[in-house]
Asks: 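First, the structure itself, so that you have it in front of you.
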Amino acid sequence: MATLSIPNPVPSAIEDAEKLRKAFQGWGTDEKAMIAVLSHRDAAQRKQIKIAYEEQYKEKLLKRIESEISGHFERAVYRWIFDPVERQAIMANIAIKNNVVDFPVIIEIACVNSSNELLAVKQVYQSLYKHSMEEDVASHTTGDFRKLLFALVGTYRYDGEEINTELAKTEAKILNDAITKGEYNSDEIIRILSTRSKAQLHATFNCYKDAHNLSITKALSTKSPNDFVIALRAAIRCRTTPTKYFEKVLRNILQKSGMDEDTLTRVIVMHAEKDLKEIKELFQTRANMTLEQAVAKKTSGDYENFLLALIGN
Amino acid sequence: MATDEQLALTRALSGDGGLGVEESTLVSIIGKWRKKPEHISSFRKSFNRLFSITGHIEKCEDDHMQKLVMEFSRFHQITVLWAMHPHERDARWANQVIHKNHPSSILVEIASTRSAEELLGARRAYQTLFHHSLEEDVAYQVKDSKSKLLVGLVSAYRYEGQKVDNDVAKSEVKALHNALKTAGANKIIENDEVVRILTTRSKPHLKAVFKYYKELHGKYLEEDLSGDALLQQTVLCLDSPASYFSQVINSAFKEGANHAETEGLSRVMVSRSDVDIEEIKEAYAKLYGAKLADVISKKTRGYFRDSLLSLAGESKA
């Protein structure tokens, strides 16, 4: 469930556009007013606000925001404004064009969405960037990463509930063979992970666990995992237990030393109107504090206020 | 001495020199020989490909009966295919490649000549029919060197805009040429860069790549790929589907064409009739110096022939 909270009744798009305009005018920016509007509107409403603002004030809302605010706060608001599909297309493109492909973003987008959701992201990606997401992922990666990411992004997976138990057993064994040989980049691991349906994958991993008393992600834990194995485990988690995956990502950021605002922003912004509630609840049981408390501890200023508004109460 | 009817009946039932059967001839002879069983009896005694004297009867030969079933059913098959949703057709053909050992070339054909939306539609239909994704079945069943290329091709959801970056196209010509130089003849189909370029780039981009390849190296890419038929076919399908389809049609008409080759004729005519049959007719005339309609009229029979001509946008000969 979403954590996004929308006032009832919700102001019209024109009223909201006016409020934002007021927030931009004069010296400095009234960030609180900005947050009050933007962080409490759903995707459709945000789109209407954009349109109303542009019609009324003859300038692009995003351009104005970029000039008014900066840093982590700006990046978070920028990503938030788009609807989920366009947002993911934009974030995928940013991840791909990075100096080193930001693989967790690609993996999350490719693995957490249903086949049709991912297809929608790819369609928007094509219209925005005049390339297919697959071709950009492929041309910006090499070797094992290309194999894995391309397969995850490119497959239009079957989303049905049927399970073939015999096949699950066979493929659990195939996975085990590859893992015991340390062949983490094996074509078979990538094939199974990227082409099988979620239901079938669950069944396969359950067979694996039954047979070896060890979850597959634990089995893939080595003392010093390389990026590829990390990517593999992320893909497995995203395909089968996304809530736990995102909870762990948040906990890693918020309870360890150092800080990764980009990832924090990404998780909050991408899930606030989707399933942040479940992630939050899990976080609380595992971190012994609420997500709000953890975020408040490690962030500050407008950035903190914006995130807290999205996380909701 | 054989009567005209006996000759006509022989021709109609022998499967010689043409695909399909001459239904109207058969019907008329059945009418003419009514109450004259001595005619058909005499025919049975003379037509020993279909009948052989066994005991007191001229028994039907099983082999030839099978062949006849095939010839009679060409019209049936083409009609059913024609009536089907195009996506279901493609899904079923793909499934036959995977589960009935039909040639991989059909999978390459479907994946490379359909538009992005048509291929996606075929994949959706495949899921509806078979409760698996096409990608997962291809990846699971094809474990040899073709696997990378085939999985890549069926997974494709290509950009369909016209925008091409010529610098990127030229650099990919280099990449292809390097791959060809360094890879062994039978390894080229597994080469990462070859597969990436052929399976992910948009068709306009690839046409530019193929064009630059010829300009830079004086040879068509297909010529340099002559060691690998599937790769050659992929390039041809992506660059000039009309030429590719003409070749498939032509194979069906050659002497000793096998079952897969003759089925190719029906497949192409049904799947392209509403798409690019005009371009195919042009390409066919250029390649083989003959009008497709003429060749169809000469080499096919009966309702099968008539349906092919209709699919080709021609009236009956």
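Values in this document were obtained by computation on a predicted structure and should not be read as measured data. Numbered from 1 within each chain, the chains take letters A, B, ... in sequence-line order.
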Asks: Heavy atom to heavy atom, less than 4.5 Å: which residues from residues 196-212 of chain B reach chain A?
Replies: B:R196, B:T199, B:T200, B:R201, B:S202
Asks: Restricting to pairs with a member in residues 208-218 of chain A, which pass salt bridge (Lys or Arg N to Asp or Glu O under 4.0 Å), not counting sequence neighbours?
Replies: none
Asks: Could you tell me whether the side chains of B:Y157 and A:Q123 share a donor-acceptor contact shorter than 3.5 Å?
Replies: yes
Asks: Heavy-atom distance under 4.5 Å to chain B: side chain of A:D159, backbone, both or neither?
Replies: backbone
Asks: Below 4.5 Å, heavy-atom pairs only: which of B:K148, B:E172, B:K143 has the largest tally toward chain A?
Replies: B:K143
Asks: Which answer fits A:Y129, side chain, backbone, both or neither, if we ask what part of it has an atom under 4.5 Å from a heavy atom of chain B?
Replies: neither
Asks: Atom NZ of residue position A:K97 - does it have more than 12 heavy atoms of other residues, nucleotides or ligands inside 6.0 Å?
Replies: yes
Asks: Under 4.5 Å, counting heavy-atom pairs only, tell me which of A:M133, A:R146, A:K122 racks up the most with chain B.
Replies: A:R146
Asks: For chain A, which residues from residues 111-126 of chain B have at least one heavy atom closer than 4.5 Å to it?
Replies: B:E117, B:L120, B:R123, B:R124
Asks: Got a sec: does the CG of B:D144 have more than 12 other heavy atoms crowding it under 6.0 Å?
Replies: yes
Asks: By a 4.5 Å heavy-atom criterion (distance strictly below it), what part of A:Q200 contacts chain B: side chain, backbone, both, or neither?
Replies: neither
Asks: First locate atom CD of B:E160, then atom CD of A:Q126, and finally report the distance between them rounded to the nearest 0.5 Å.
Replies: 7.5 Å
Asks: With A:F82, which residues qualify under ring-ring contact (aromatic ring centres under 6.0 Å, His included), at least two apart?
Replies: A:Y78
Asks: Does the side chain of B:Y140 reach to within under 4.5 Å of the side chain of A:I192, using non-hydrogen atoms?
Replies: no
Asks: Just how far is it from atom NE2 of B:H132 to atom CZ of A:R196, taken to the nearest 0.5 Å?
Replies: 6.5 Å
Asks: Using heavy-atom distances under 4.5 Å, tell me whether A:R191 contacts chain B through its side chain, its backbone, both, or neither.
Replies: side chain
Asks: Counting only heavy atoms closer than 4.5 Å, note whether A:I174 contacts chain B via side chain, backbone, both or neither.
Replies: neither
Asks: Within a radius of less than 6.0 Å around NZ of B:K174, do more than 12 heavy atoms belonging to other residues, nucleotides or ligands occur?
Replies: no
Asks: Using a cut-off of under 4.5 Å on heavy-atom pairs, state which of A:S197, A:G160, A:S139 scores highest against chain B.
Replies: A:S139
Asks: Should the ring pair B:H131 and A:Y158 be called parallel, tilted or perpendicular, given that the plane angle runs from 0 to 90° and is split at 30 and 60?
Replies: perpendicular
